[in-house]
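The sequence lines fix the lettering, A, B, ..., with proteins before strands; numbering per chain opens at 1.
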Amino acid sequence: MKLVTCGLPYANGKAHIGHLRTYVPADVYVRYLRLMGQDVLFICGSDCHGTPIVVNAEKEGISPKELVDRYHEHFQKIFRELCIEFDFYGRTDAEYNHYRTQEIVKRLIENGYVYAKEIELAYCPKCDRFLPDRYVEGICPYCGAIARGDECDQGCGRHLEPGEIKEPRCKICGSKAEFRKQKHYFFKLTAFKDFLIDYLENKLQGTENALNYAKQWVKSELRDWCITRNLEWGVKFPGEDLVVYVWVDAPIGYISFTEEACKRKGLDWKKIWLNGEISDITHFIGLDIVYHHCIFWPAMLKGAGYSLPKAVVASGMVKVEGKTFSKTRGYVVWVEDDYLKAGFNPDYLRYYIVNYTSHEKDLNFSWKVFRDKVNNEIIATLGNFIYRVLHFAWKNFGRIEGKVDPVVIDKIAEIKDKIVSAINRWEFKEASDAFMELATFGNEFFQSSKPWDLIKEDRDKCMDVLASCIQIVKALVIFAYPVMPKTMSKLAEFLGFDIANARLEDALKPIESIELKKPFIPFEKVDDKKIEEMERVMLERIRKAEKAEFGKELIDIKEFEKLDIRIGKILKAERIKGSRKLMRLEVDVGNEVRQIVAGIAEVYKPEEVVGKLVPVLVNIKPAKLMGVESKGMILAADVNGKPVLLHPDKEVPPGSKIK
RNA sequence: GCCGAGGUAGCCUAGCUGGUCGGGGCGUCGGACUCAUAAUCCGAAGGUCCCGGGUUCGAAUCCCGGCCUCGGCACCA
């Protein structure tokens, strides 16, 4: 029994096309494996714990469970509609997962891989509780911006260690927080370094993007992980009033979901997860969670004495209309609101995702490309072939009994081999290209055999041609089924065979005789108007996102007056070693010369900025960047993330105030 | 700066253990056909395989040096 899993969707937001980049290929993979006669268990589930869920639930005034229920339902619906069929779709907040997580944590403790350590954490006296990272708000010690407990998200983007943040406040009640010491638990990841190197170098299979990534991390720096959090919502850490970190109980979902799936099917889950060193487990994930799956997860399994995964398959990133996927900037395609509500056949999107490019590479989603791929490939080449054959055969014969040309059987065999080879390398584009090649072959065969002429001269010969063509149709239905299950299962039914129990080899067995009903058109065309509409929706969303960026909050003049902006003259400039962006400047701001660090080195050379007049925010709190102190901030225009310096219209004395 | 992944015709891409390797698809142009969802089939145009060196009898493919793009880290006062 082979186990295939997908990265668990986080039950905190709706499904978008980025999710599908992983789930669709995984489903396609499983369907092909089954056509190849393999026994596969395919599982997934919702990731239900963690701070963001708690924070969002609180924001909406509902319980975390209610929030999780909503998105759990949502994802199940999306998967159902896109024909992504898991043998079991669970959730990590279910009893079975709590049980398994605690069992594994206990084993890790017993085996000496967990230790306690006192750390300083923000504590709210009023709420009478420790504040998890995202419940803390304060001042970034590096840049002075308002920051979150774990990260300076508004300012410098730095990661903050517990206790680093200044002037911490409780996000819930707004009152001042204090630091208190508390005991937390750490997982000794560092103890697994040698094991991980060996595992990654010699044992783990999968796509190179994942493996290379992980190898680099293991060799550079491994740190022990703090695996406990101060939350109510989550799996209890044994013997403490703490909850286990999400990245502990989430992957354990793979195990507990397997148990549930096995229970239902009368199988033994231990044969998968407690089956010696390496077990036949394949994880499909996105590139963003390689660290967790290739490093943290195997270490945990090893530490607890469980079997290790055999392969990690990571999909490339998704771009939307050529731009980096971004929900906040509007470059997103929502599966339900955009795609399904527009009434598109799920098979189209599945084909697009699988066929656009190889699994490891970035996938660009564009509505125009979508329309072209559907109309030119799925419909004109594949759908049209199927329909023209069935229609012609039905109209002229009704029943087909003829000899299939051996050339046709050879071609089908060749395509089948291509598919098998591609699937074994997780090259789903290659597999789908292969059945498209067969469709093209079918069109050529049909065209050159001219059955429309033959029918007038030699009905038997014509019948043979059609038998060959129907053989190709049958092969196409089987070969394309994993990618386009919705339409292909309908066609299988039309042809009178059971696709659920079919095998790739069945495509080679000659059809002796077949009775045809009036065929249906398998695929509906995508029309230009609809595509224009989708593009409009998208543009609208992007524009809105830009506006939201633009029209932040209105401030009054008093707030503006807090800013002391003056013209400064750059006297000296030099690059900062080890930094691509930073330049150290000495700037005359009137009454003094200041050292300022500016992120302009990517665009400007030191010699070209010396002598320039630029506006400087002089009363910003000093900060250290790459170890260099900066007292002030050069103002510049931001053009696609690159700075463009501003200069006064006329020569003005340094220190001139800007108002 | 470090670490990954890349740079092949208007676009997407295959090939990258060196010698039918310069392929495929979309788009474009010309023709054929009419069974079919104006679908299909045949043919054509289009490329300094990022640039510069080197190894070799021979390099898109190997080595060195650049440039550029994307992602991660660091970082954008």
Any side-chain N or O of [X] under 4.0 Å from OP1/OP2 of [N]?
| X | N | value |
| --- | --- | --- |
| A:Lys525 | B:rA39 | yes |
| A:Ser448 | B:rC41 | no |
| A:Asn396 | B:rC35 | no |

For [X], report the nucleic acid contact type (base, sugar-phosphate, nothing); a contact means any heavy atom under 4.0 Å.
| X | result |
| --- | --- |
| A:Phe385 | nothing |
| A:Ile596 | sugar-phosphate |
| A:Lys361 | sugar-phosphate |
| A:Ser432 | nothing |
| A:Leu617 | nothing |
| A:Asn384 | base |

Parallel under 30°, tilted from 30 to 60°, perpendicular over 60°: which one fits the rings of [X] and [Y]?
| X | Y | result |
| --- | --- | --- |
| A:Phe296 | A:Trp225 | parallel |
| A:His292 | A:Trp247 | parallel |
| A:Tyr352 | A:Phe365 | tilted |

Under a 3.5 Å limit for both distances, which nucleotide forms a Watson-Crick or G-U wobble pair with [N], could you say?
| N | answer |
| --- | --- |
| B:rA14 | none |
| B:rG52 | B:rC64 |
| B:rG4 | B:rC70 |
| B:rU20 | none |

Using the [atom1] atom in both, what is the distance from [N] to [M], to the nearest Å?
| N | M | atom1 | value |
| --- | --- | --- | --- |
| B:rA44 | B:rC26 | P | 15 Å |
| B:rG10 | B:rG46 | P | 12 Å |
| B:rU17 | B:rC50 | P | 16 Å |
| B:rA39 | B:rC12 | C1' | 23 Å |
| B:rU61 | B:rU48 | P | 16 Å |
| B:rA36 | B:rC29 | C1' | 25 Å |
| B:rC73 | B:rU55 | P | 42 Å |
| B:rG65 | B:rC41 | P | 48 Å |

Out of [options], which nucleotide sits closest to the side chain of [X]?
| X | options | value |
| --- | --- | --- |
| A:Ala380 | B:rG27, B:rC35, B:rA39 | B:rA39 |
| A:Trp452 | B:rU40, B:rG27, B:rU34 | B:rU34 |
| A:Tyr356 | B:rU40, B:rC12, B:rA39 | B:rC12 |
| A:Arg388 | B:rC35, B:rU37, B:rU13 | B:rC35 |
| A:His391 | B:rC35, B:rA39, B:rC41 | B:rC35 |
| A:Asp362 | B:rU37, B:rC41, B:rC70 | B:rC70 |

Taking for each residue the nucleotide of RNA chain B with the nearest heavy atom, is it A:Gly383 or A:Lys631 whose nucleotide lies nearer the 5' end?
->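 The answer here is A:Gly383.
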Starting from the 5' end of RNA chain B, give me the residue, A:Met317 or A:Phe392, whose nearest nucleotide shows up first.
->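 The answer here is A:Phe392.
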Separation of [X] atom [atom1] from [N] atom [atom2], in whole Å?
| X | N | atom1 | atom2 | value |
| --- | --- | --- | --- | --- |
| A:Phe428 | B:rA14 | CZ | P | 16 Å |
| A:Asp453 | B:rC41 | CG | C1' | 14 Å |
| A:Phe446 | B:rA36 | CZ | P | 9 Å |
| A:His359 | B:rU13 | NE2 | P | 16 Å |
| A:Asp527 | B:rA38 | CG | P | 13 Å |
| A:Asn375 | B:rA39 | CG | P | 8 Å |
| A:Glu377 | B:rU13 | CD | C1' | 12 Å |
| A:Arg425 | B:rG15 | CZ | C1' | 12 Å |

Salt bridge A:Asp564-A:Lys657, side-chain N to carboxylate O under 4.0 Å |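 A salt bridge links A:Asp564 with A:Lys657.
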Verify, without hydrogens or angle tests, whether A:Ser448 (side chain) and A:Glu444 (backbone) share a donor-acceptor contact under 3.5 angstrom.
->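 Yes: the side chain of A:Ser448 pairs with the backbone of A:Glu444.
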For A:Glu515, enumerate each residue passing the side-chain hydrogen bond (donor to acceptor under 3.5 Å, both in side chains) test, keeping only those at least two apart in sequence or located in another chain.
->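 Partners of A:Glu515 under the side-chain hydrogen bond (donor to acceptor under 3.5 Å, both in side chains) test: A:Arg399.
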Between CZ on residue A:Phe479 and CD1 on residue A:Ile472, distance to nearest 0.5 Å =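 CD1 of A:Ile472 is found 11.0 Å from CZ of A:Phe479.
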Sequence neighbours excluded and cut-off under 3.5 Å, please list the side-chain donor-acceptor pairs for residues 378-393 of chain A, or say none.
from: A:Thr381; atom 1: OG1; to: A:Asn376; atom 2: O; distance (Å): 3.1
from: A:Arg388; atom 1: NH1; to: A:Asn443; atom 2: OD1; distance (Å): 2.7
from: A:Arg388; atom 1: NH2; to: A:Gln447; atom 2: OE1; distance (Å): 3.2

